[in-house]
**Student:** 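Here it is: the structure, laid out below.
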Amino acid sequence: MAPLPKPPAEPADDLDSYVGLAGEAAERRARERGWTTVRSLPKGAIITMEYLTGRLNFTVEDGVVERCWKG
């Protein structure tokens, strides 16, 4: 059996600190802090739920981040 791959470490980041930021500012901050993929989604968007290491997701309404989660 082949060994399981070890995913790269994700940035140590406080995800709650993104809530309330303007969407563009939150995306810029996430990239500066080392997130490799940043996904900004409208509220109620239908998305797949596969986990992707290094991805940060935002729910944005009226230009402001309402929710933030990794994967």
Side-chain angles (χ1 to χ4, degrees):
M1 178 180 237
L4 293 175
K6 184 176 179 188
E10 294 179 324
D13 204 356
D14 177 15
L15 303 185
D16 290 333
S17 71
Y18 291 93
V19 176
L21 292 178
E24 290 179 7
E27 288 181 41
R28 189 170 43 254
R29 178 188 286 186
R31 287 188 175 89
E32 289 170 356
R33 292 184 176 179
W35 294 98
T36 55
T37 304
V38 180
R39 185 166 64 167
S40 181
L41 305 159
K43 187 174 184 176
I46 297 172
I47 59 171
T48 61
M49 295 302 293
E50 80 281 2
Y51 190 91
L52 180 61
T53 301
R55 178 170 63 191
L56 196 63
N57 303 288
F58 300 118
T59 298
V60 178
E61 186 171 21
D62 296 326
V64 178
V65 175
E66 288 191 335
R67 180 176 172 230
C68 178
W69 71 100
K70 61 182 180 173

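Small disclaimer: the values here were computed from a predicted structure and weren't measured.
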**Student:** Output every pair passing ring-ring contact (aromatic ring centres under 6.0 Å, His included) with a member in residues 19-45, not counting sequence neighbours, ordered by first then second residue.
**Tutor:** none
**Student:** Would you kindly confirm whether Leu4 and Tyr51 end up in one hydrophobic cluster when ILVMFWY residues are joined by side chain heavy atoms under 4.5 Å apart?
**Tutor:** no
**Student:** For Glu50, what residues pass the salt bridge (charged side-chain N to carboxylate O under 4.0 Å, His left out) criterion, not counting sequence neighbours?
**Tutor:** Arg55
**Student:** List for me each residue that meets salt bridge (charged side-chain N to carboxylate O under 4.0 Å, His left out) alongside Arg31, sequence neighbours excluded, and say none if there are none.
**Tutor:** Glu27
**Student:** Hydrophobic cluster membership, with links at side-chain heavy-atom distances under 4.5 Å among I/L/V/M/F/W/Y: are Val38 and Leu21 in one?
**Tutor:** yes
**Student:** Going by the rule salt bridge (charged side-chain N to carboxylate O under 4.0 Å, His left out), which residues pair with Glu24 if we only count those two or more places apart in sequence or in a different chain?
**Tutor:** none
**Student:** The criterion is side chain to side chain contact (heavy atoms under 4.5 Å, CB included); which residues satisfy it with Val60, sequence neighbours excluded?
**Tutor:** Ser40, Phe58, Val65
**Student:** Which heavy atom of Ala30 sits nearest to which heavy atom of Tyr18, and what is that distance?
**Tutor:** CA-OH, 3.4 Å
**Student:** Any chance you could measure Arg39, atom CZ, to Leu52, atom CG, to the nearest 0.5 Å?
**Tutor:** 8.0 Å
**Student:** Less than 4.5 Å apart, side chain to side chain, heavy atoms only: is that true for Leu15 and Leu56?
**Tutor:** yes
**Student:** Filter on salt bridge (charged side-chain N to carboxylate O under 4.0 Å, His left out), then keep only pairs touching residues 3-14, sequence neighbours left out; what's left?
**Tutor:** Glu10-Lys70, Asp13-Arg33
